[in-house]
Enquirer: 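Pasting in a structure now, in structure tokens, and then I'll have a few things to ask.
Naming convention: chains lettered A, B, ... in sequence-line order (proteins, then strands); numbering from 1 in each chain.
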Amino acid sequence: HLIIWYIILCFSVFFFSVMGCVLLFVVFRWEEERYTDGSKWRFLEHKGPVFAPPYEPLPDKVKFYYDGKPMKLSAPAEEVTTFFSKMLDHEYTTKDIFRKNFFKDWRKEMTSEEKSKITDLNKCNFSEMSEYFKTQSEARKQMSKEEKQKIKEENERLLQEYGFCIMDNHKERIGNFRIEPPGLFRGRGDHPKMGMLKRRIRPEDIIINCSKDSKQPKPPPGTKWKEVRHDNKVTWLASWTENIQGSIKYIMLNPSSRIKGEKDWQKYETARRLKKCVDRIRTQYRDDWKSKEMRIRQRAVALYFIDKLALRAGNEKEEGETADTVGCCSLRVEHIKLYPKMDDQEYVVEFDFLGKDSIRYYNKIPVEKRVFKNLQLFLENKQPEDDLFDRLNTSILNKHLQELMDGLTAKVFRTYNASITLQQQLKELTCPDDSVPAKILSYNRANRAVAILCNHQRAPPKTFEKSMQNLQTKIDEKQNQLSAARKQLKAAKADRKRKAVQRIEEQLMKLQVQATDREENKQIALGTSKLNYLDPRISVAWCKKFGIPIEKIYNKTQREKFAWAIDMAEKDYEF
DNA sequence: GGACAGACTTGGCGTTAATCTG
DNA sequence: CAGATTAACGCCAAGTCTGTCC
């Protein structure tokens, strides 16, 4: 008996100390005091970035032809041609702008001799190189298990060595520790810089950020960092300036890190504060539609769009530097059409413009008469390419919002409206008696409502039709199976048969739900809203309330990112 | 108040890894 | 167990927003 008591005692001590640690850890990790002086960390140590592998010249048998004649290129010029020949199958290599930009940048890498010979891109023949790369990638696919395993292990080793850092008391995963390899810039949509050469990044381009008392990362042998600094007011570990737009790129931590998680949490707390005062703000902007000042009316109509349609703020962009895309404040006259009457609706506004990533926003919505009249006013005496809101920009708008609520900016409305929509849709769509797959369909539908609001579209997957067909075949088979099982049940009336029928019915239902979900999701991308706009605590609470395992909603990466929410939210959580 | 740099979040998509199926 | 299919991941581009300078 004594022994048993002793074991129990030991076990309890062990158990409680483990629990204690877990609790401490949780409190420590998410409730840890934040720095009040604007600093982001006290200690930061890492190994620096991993560079792109050096260029390997082509074997001599693989030739480039100019004007029908083989020509051996210098290594720098040859490297650039490999980028182009790898893209040959893409339609964009036929575009004028792409070819012009590429040729211009390619010539910069040529020797003077090459430069004088190669004067016309149309006389260049890259097909042997293109074939060579196709063969190479085919060979890579055909590699033996052992070879693949070896590569995997090497990647894992690199991850272990360079993929983590120490920030304050935590070992944290780094988001992107590999430096982007050189290549040809593509860009999205109609980008004026497509085809330009994205140059290779060297240690001399890199600024390292770490704490003074840490072990500094070593640059590769024979090289130097551009600079090593110790700036704890920022979160990045390394940075460099990219040559296409001249913007700065960063190496930062993974979303699972304390520093990202805390920021994410705060973002949703700001959105929840908006919830408390959104009525007041709405009343005010409606009032402002009547203002005698044009700038206030414009501000109020723009804010109405941002709130109602979840439009992005719309910063000004430098013309000719990027694709021509707009957000709310940068809308132009040509992007909207007004219809005093359309079918059975009055005061309809039709939006048609390219937003972020050149994704088209198309929507027809009835608005209130005052908004409509205001829009007519804003359009007066303007050309199609003129700004709709000529007295407004994002800076003016955000200054105003800041006065309405501390920390309020245009994008908070997107977060707020996305999260509140999810919560309300979940409430509306979830039936407590539904099966788990049916409940998940409801969840996905709620998620979908948000994605539609935020205009998160995707190109239908290339294999969409086929995969729908496959699913339909499975459903048909299952239906046959079911009717066969039912016949057997009728004949035998055995309990075992009854259960079999039930099981098949469930399987069939599951397949049908899957088909519905997939069909409805054809052109909708759920990922972005799930990752960036939906307060994860709403989803966690929903899972707890309806007994859905969290794994059904969030995959491993997402669970890591939302660890704070999974720890925090109870089933009665309200956004 | 406008230009610009800087820092950080948000975005779709192609590739890769995991899972499924015959 | 290999090939097909699907889900996850990573890539890298493109936004938002703040702060500084003039």
Side-chain angles (χ1 to χ4, degrees), chain A residues 38 40 52 90 137 140-142 145 148 151-152 155 159 163 175-181 183 185-189 191 193-194 198 207 209 231 233-236 239 241-242 244-255 259-260 263-264 267 306 312-318 321-323 325-330 354-359 393-399 401-402 407-415 418 451 454-464 466-467 469-471 473-474 514 518 523-533 554-560:
Chain A
K40 308 288 170 69
H90 291 280
S137 84
R140 223 169 307 130
K141 276 183 209 154
Q142 299 302 321
K145 250 190 178 155
K148 283 184 182 168
I151 292 174
K152 206 174 160 186
N155 279 333
L159 172 68
N176 54 328
F177 58 91
R178 286 168 197 272
I179 302 256
E180 294 169 21
F185 177 81
R186 174 60 190 85
R188 316 261 161 79
H191 200 116
K193 299 195 172 183
M194 64 169 83
K198 213 171 77 163
I207 303 173
N209 194 30
D231 181 359
K233 298 283 193 283
V234 297
T235 66
W236 52 267
S239 74
T241 302
E242 152 271 347
I244 303 289
Q245 309 287 356
S247 64
I248 308 168
K249 299 241 175 177
Y250 302 93
I251 290 184
M252 291 188 192
L253 297 194
N254 186 276
I259 207 149
K260 294 282 187 194
K263 198 81 188 296
D264 206 35
K267 174 180 76 185
I306 284 172
R312 296 186 187 83
N315 284 307
E316 300 101 298
K317 302 169 76 185
E318 215 175 324
E321 294 292 303
T322 60
T325 62
V326 297
C328 186
C329 293
S330 51
L354 297 183
K356 180 173 176 180
D357 290 321
S358 293
I359 299 290
N393 60 39
T394 54
S395 151
I396 296 172
L397 179 65
N398 279 334
K399 270 196 193 107
L401 293 176
Q402 184 60 44
L408 187 60
T409 61
K411 86 186 182 80
V412 179
F413 282 88
R414 248 166 108 79
T415 312
C454 294
N455 199 40
H456 291 142
Q457 302 187 33
R458 64 166 181 176
K462 287 191 181 82
T463 53
F464 185 82
K466 203 166 125 231
S467 89
Q469 266 173 23
N470 289 350
L471 203 49
T473 315
K474 274 191 201 168
Q514 205 185 343
R518 194 174 296 179
Q523 306 198 63
I524 314 284
L526 299 187
T528 301
S529 50
K530 200 176 201 175
L531 231 51
N532 299 301
Y533 289 105
Y554 290 140
N555 66 36
K556 186 165 154 283
T557 322
Q558 292 164 341
R559 290 198 299 278
E560 281 165 10

Enquirer: Take the protein atom OH of A:Y250 and the nucleotide atom C1' of B:dT10, then report the distance between them rounded to whole Å.
Expert: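 Whole-Å distance recorded here is 16 Å.
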Enquirer: Could you give the CZ-to-P distance, from A:F185 to C:dA13, as a whole number of Å?
Expert: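 Distance, rounded to whole Å: 5 Å.
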Enquirer: Picking from B:dC13, B:dT10, B:dG2, which would you name as closest to the side chain of A:R458?
Expert: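 Output: B:dC13.
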Enquirer: For B:dC8, does OP1 or OP2 lie under 4.0 Å from any side-chain N or O of A:T235?
Expert: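 So the side chain of A:T235 is within the cut-off, an N or O lying under 4.0 Å from OP1 or OP2 of B:dC8.
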Enquirer: Counting only side-chain nitrogens and oxygens, does A:N532 get under 4.0 Å of the OP1 or OP2 atom of B:dT9?
Expert: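 Answer is no, no contact under 4.0 Å.
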Enquirer: Is the phosphate of C:dA13, meaning OP1 or OP2, less than 4.0 Å from a side-chain N or O of A:H191?
Expert: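 No, no such contact exists.
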Enquirer: Among B:dT21, B:dG12, C:dA13, find the nucleotide with the atom closest to the side chain of A:A525.
Expert: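 Minimum distance to the A:A525 side chain belongs to B:dG12.
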Enquirer: Nearest to the side chain of A:T409 - C:dT6, B:dG12, C:dT18?
Expert: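 Closest of the options to the side chain of A:T409: C:dT18.
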Enquirer: Between C:dT5, B:dA7, C:dC11, which one does the side chain of A:R178 approach most closely?
Expert: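 The listed nucleotide nearest to A:R178's side chain is C:dC11.
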Enquirer: Atom CG of A:L159 and atom C1' of B:dT16: how far apart are they, to the nearest Å?
Expert: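 From A:L159 CG to B:dT16 C1': 15 Å.
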Enquirer: Return the nearest nucleotide to the side chain of A:T528; candidates are C:dT16, B:dG12, C:dT5.
Expert: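 That would be B:dG12.
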Enquirer: How do A:I248 and A:D357 order along DNA chain B: which one's closest nucleotide is nearer the 5' end?
Expert: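 The residue whose closest nucleotide sits nearer the 5' end is A:I248.
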Enquirer: When you get a sec, tell me which of B:dG11, C:dC17, B:dC8 is the closest nucleotide to the side chain of A:R414?
Expert: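 Minimum distance to the A:R414 side chain belongs to B:dG11.
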Enquirer: Below 4.0 angstrom from OP1 or OP2 of C:dA13, is there any side-chain N or O of A:K249?
Expert: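 Result: yes.
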Enquirer: Answer yes or no: does a side-chain N or O of A:K462 lie under 4.0 Å from OP1 or OP2 of B:dG14?
Expert: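 Result: yes.
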Enquirer: Among C:dA13, B:dC8, C:dT6, find the nucleotide with the atom closest to the side chain of A:E180.
Expert: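 Out of C:dA13, B:dC8, C:dT6, the nucleotide with an atom closest to A:E180's side chain is C:dA13.
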Enquirer: So, is A:K152 near the phosphate of B:dA18, with a side-chain N or O under 4.0 Å from OP1 or OP2?
Expert: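 Yes, because at least one side-chain N or O of A:K152 sits under 4.0 Å from OP1 or OP2 of B:dA18.
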Enquirer: Within the pair A:K356 and B:dT10, is there a side-chain N or O less than 4.0 Å away from OP1 or OP2?
Expert: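 No, because none of the side-chain N or O atoms of A:K356 sits under 4.0 Å from OP1 or OP2 of B:dT10.
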Enquirer: When you measure from the side-chain N and O atoms of A:N315 to the phosphate of C:dT16, is any distance below 4.0 Å, counting only OP1 and OP2?
Expert: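 The answer is yes; a side-chain N or O of A:N315 sits under 4.0 Å from OP1 or OP2.
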Enquirer: Checking side chain to side chain donor-acceptor pair (under 3.5 Å) between A:T325 and each of A:K317, A:R188, A:R312, which is the one that passes?
Expert: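 Among the candidates, only A:K317 passes.
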Enquirer: Check whether any side-chain nitrogen or oxygen of A:K40 sits under 4.0 Å from OP1 or OP2 of B:dC8, and answer yes or no.
Expert: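 Yes.
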Enquirer: Look at A:K260 and B:dT9 and indicate whether a side-chain polar atom (N or O) is within less than 4.0 Å of OP1 or OP2.
Expert: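 Affirmative; the distance criterion is met.
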Enquirer: Please tell me if A:K474 has a side-chain N or O lying less than 4.0 Å from either OP1 or OP2 of B:dC20.
Expert: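 The answer is no; no side-chain N or O of A:K474 sits under 4.0 Å from OP1 or OP2.
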Enquirer: Verify the neighbour count for atom NZ of A:K462: are there more than 12 heavy atoms of other residues, nucleotides or ligands below 6.0 Å?
Expert: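 No - once you tally the heavy atoms of other residues, nucleotides and ligands closer than 6.0 Å, there are 12 at most.
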Enquirer: Just compare C:dT6, C:dC17, B:dC8 and give me whichever is closest to any side-chain atom of A:S467.
Expert: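 From the listed options, C:dT6 comes nearest.
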Enquirer: Ignoring backbone atoms, establish whether A:K399 has a side-chain N or O less than 4.0 Å from OP1 or OP2 of C:dC17.
Expert: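 Answer no for this pair, as no side-chain N or O of A:K399 is under 4.0 Å from OP1 or OP2.
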Enquirer: May I ask you to verify if any side-chain N or O of A:H90 is less than 4.0 angstrom from the OP1 or OP2 atom of B:dG14?
Expert: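 No, outside the criterion.
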Enquirer: Ignoring backbone atoms, establish whether A:K317 has a side-chain N or O less than 4.0 Å from OP1 or OP2 of C:dG15.
Expert: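 Checking A:K317 against C:dG15: at least one side-chain N or O falls below 4.0 Å of OP1 or OP2.
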Enquirer: Pick the nucleotide of DNA chain C nearest each of A:N254 and A:G189; which residue has the one closer to the 5' end?
Expert: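 Result: A:N254.
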Enquirer: Over its full length, what angle do the end axes of the helix from B:dG1-C:dC22 to B:dG22-C:dC1 make, each axis taken from five pairs and the result rounded to 10 degrees?
Expert: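 Answer rounded to 10°: the end axes differ by 10°.
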